[in-house]
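Quick notes on the structure that follows.
Values below: every heavy atom of this structure, side chains too, minus hydrogens, waters and symmetry copies.
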Amino acid sequence: MPGGALGVPGADRLIGKINEEMRAFDHVIASQDWHPPGHVSFSDWPVHCVQNTPGAEWAEGLDTSRIEATFRKGTDLHVDSYSVFGTGIAEYLRQRGITELFFVGVATDYCVLHSVLDALKQGFKVTVIANACRGMGSEQEALDRMRNEGAHIIS
Ligand code: ZN
């Protein structure tokens with residue numbers, strides 16, 4: 001969130017939109033950055049989303065009652081992961097017969113991008129709700145790349 005250690009400009013304006021979008025879906029699954037203190041990514045980024053600290057909590061106002069499962073990533077001290085794949089999420093989705101995914105959140109050009117690319121590689125049908133995502137500065141390139149790899153981009 002803006003004002004946080006690794007704030008994405010305008011991310012606070014997504015909360016209402018995401019709360020609204022969640023009501024349209026049968027399954028809502030969350031990805032959460034959840035780093036141990038001293039995480040390897042802190043050499044490239046400010047210290048952020050440290051486990052069990054306020055910085056790793058859900059954004060204020062997010063309707064978490066709709067979230068049926070949360071997959072935490074970046075939990076290994078020595079491994080950074082922009083993508084939520086590799087956490088067991090693919091197996092979770094397959095077990096429930098979920099084949100189509102819609103993405104919202106931040107940041108479009110990092111965690112959303114890499115999660116989308118992995119989802120496509122894993123054979124999921126992917127749609128990105130672009131106006132429910134915000135980037136760190138290379139949003140358009142990220143959306144173009146996702147589209148080129150087979151994702152649907154909608155607003
Ligand atoms: Zn992180």
Side-chain angles (χ1 to χ4, degrees), residues 1-25 27-35 39-50 54-64 66-76 79-90 92-93 98-155:
M1 287 294 115
L6 192 50
V8 178
D12 51 325
R13 294 199 293 276
L14 300 177
I15 301 296
K17 204 182 301 274
I18 289 171
N19 286 344
E20 202 174 298
E21 293 289 351
M22 285 195 284
R23 293 189 209 112
F25 291 90
H27 299 271
V28 176
I29 294 148
S31 158
Q32 186 177 31
D33 230 18
W34 190 255
H35 299 314
H39 186 246
V40 63
S41 72
F42 302 161
S43 60
D44 297 322
W45 298 105
V47 173
H48 67 281
C49 297
V50 177
E57 287 172 7
W58 295 123
E60 205 182 319
L62 184 70
D63 179 10
T64 57
R66 297 278 304 152
I67 299 172
E68 70 173 44
T70 299
F71 288 85
R72 289 175 165 168
K73 64 187 190 62
T75 58
D76 185 319
V79 183
D80 196 15
S81 177
Y82 291 140
S83 172
V84 68
F85 284 81
T87 59
I89 192 171
Y92 179 93
L93 296 168
I98 299 169
T99 56
E100 184 169 9
L101 307 176
F102 289 72
F103 283 78
V104 299
V106 295
T108 316
D109 36 359
Y110 290 94
C111 296
V112 175
L113 171 65
H114 290 279
S115 296
V116 163
L117 295 179
D118 281 349
L120 290 165
K121 272 184 221 141
Q122 297 261 345
F124 292 96
K125 185 179 176 196
V126 174
T127 300
V128 179
I129 306 176
N131 62 329
C133 298
R134 283 289 187 284
M136 299 287 269
S138 46
E139 200 164 8
Q140 195 52 54
E141 294 94 313
L143 291 171
D144 289 344
R145 189 167 163 202
M146 291 187 267
R147 186 184 292 110
N148 289 340
E149 297 294 327
H152 299 274
I153 312 293
I154 64 167
S155 281

Looking at every heavy atom in both Pro2 and Gly10, which two are closest together, and how far apart are they? CG-N, 3.9 Å

So which heavy atom on Ile67 is nearest to which on Ala30, and how close? CG2-CB, 3.7 Å

For the pair Asp33 (side chain) and Gly74 (backbone), establish whether a donor and an acceptor sit closer than 3.5 Å, ignoring hydrogens and angles. no

Test item: Asp12 side-chain N/O and Met1 main-chain N/O as donor-acceptor pair under 3.5 Å: no

Parallel, tilted or perpendicular, as decided by the 30° and 60° cut-offs, for the rings of His39 and His35: parallel

Verdict with supporting geometry, Trp58 and Thr70, side-chain contact (heavy atoms from CB on, under 4.5 Å): CA-CA 11 Å; Trp58 295 123; Thr70 299; 3.6 Å; yes

Calculate, to the nearest 0.5 Å, the distance between atoms CD and CG belonging to Glu141 and Asn148 respectively. 12.0 Å

Rounded to the nearest 0.5 Å, how far apart are CD1 of Ile18 and CG of Asp63? 11.5 Å

Where do Phe42 and Val50 come nearest, in terms of heavy atoms and distance? CZ-CG2, 4.0 Å

Side-chain donor/acceptor of Arg66 to backbone N/O of Phe25, under 3.5 Å: yes

Specify the closest pair of heavy atoms between Cys133 and Phe103, including all atoms of both residues, with the distance to one decimal. SG-O, 3.8 Å

Would you confirm whether Asp109, through its side chain, and Gly135, through its main-chain N or O, come within 3.5 Å as a donor-acceptor pair? no

Would you list the atom pairs, donor with acceptor, under 3.5 Å between side chains in residues 113-130 and any protein atom, with sequence neighbours excluded?
unit_1	atom_1	unit_2	atom_2	d
Ser115	OG	Val84	N	3.0
Ser115	OG	Cys111	O	2.8
Asp118	OD2	Ser83	OG	2.6
Gln122	OE1	Arg94	NH2	3.0

Look at atom CD of Glu20 and say whether more than 12 heavy atoms of other residues, nucleotides or ligands are closer to it than 6.0 Å. no

Between Leu14 and the options Asn131, Leu62, Val106, the side-chain contact (heavy atoms from CB on, under 4.5 Å) test singles out Val106

Might you point out which heavy atoms bring Ala107 and Met136 nearest each other, and give the distance in Å? CB-CG, 3.7 Å

Can you tell me if Lys73 uses its side chain to pair, donor with acceptor, with the backbone of Ser81 under 3.5 Å? yes

Smallest heavy-atom separation, Ser41 atom then His48 atom, equals OG-CE1, 3.6 Å

For Glu68 and Ile29: C-alpha separation, side-chain torsions, deciding distance, then whether side-chain contact (heavy atoms from CB on, under 4.5 Å) applies. CA-CA 6 Å; Glu68 70 173 44; Ile29 294 148; 4.1 Å; yes

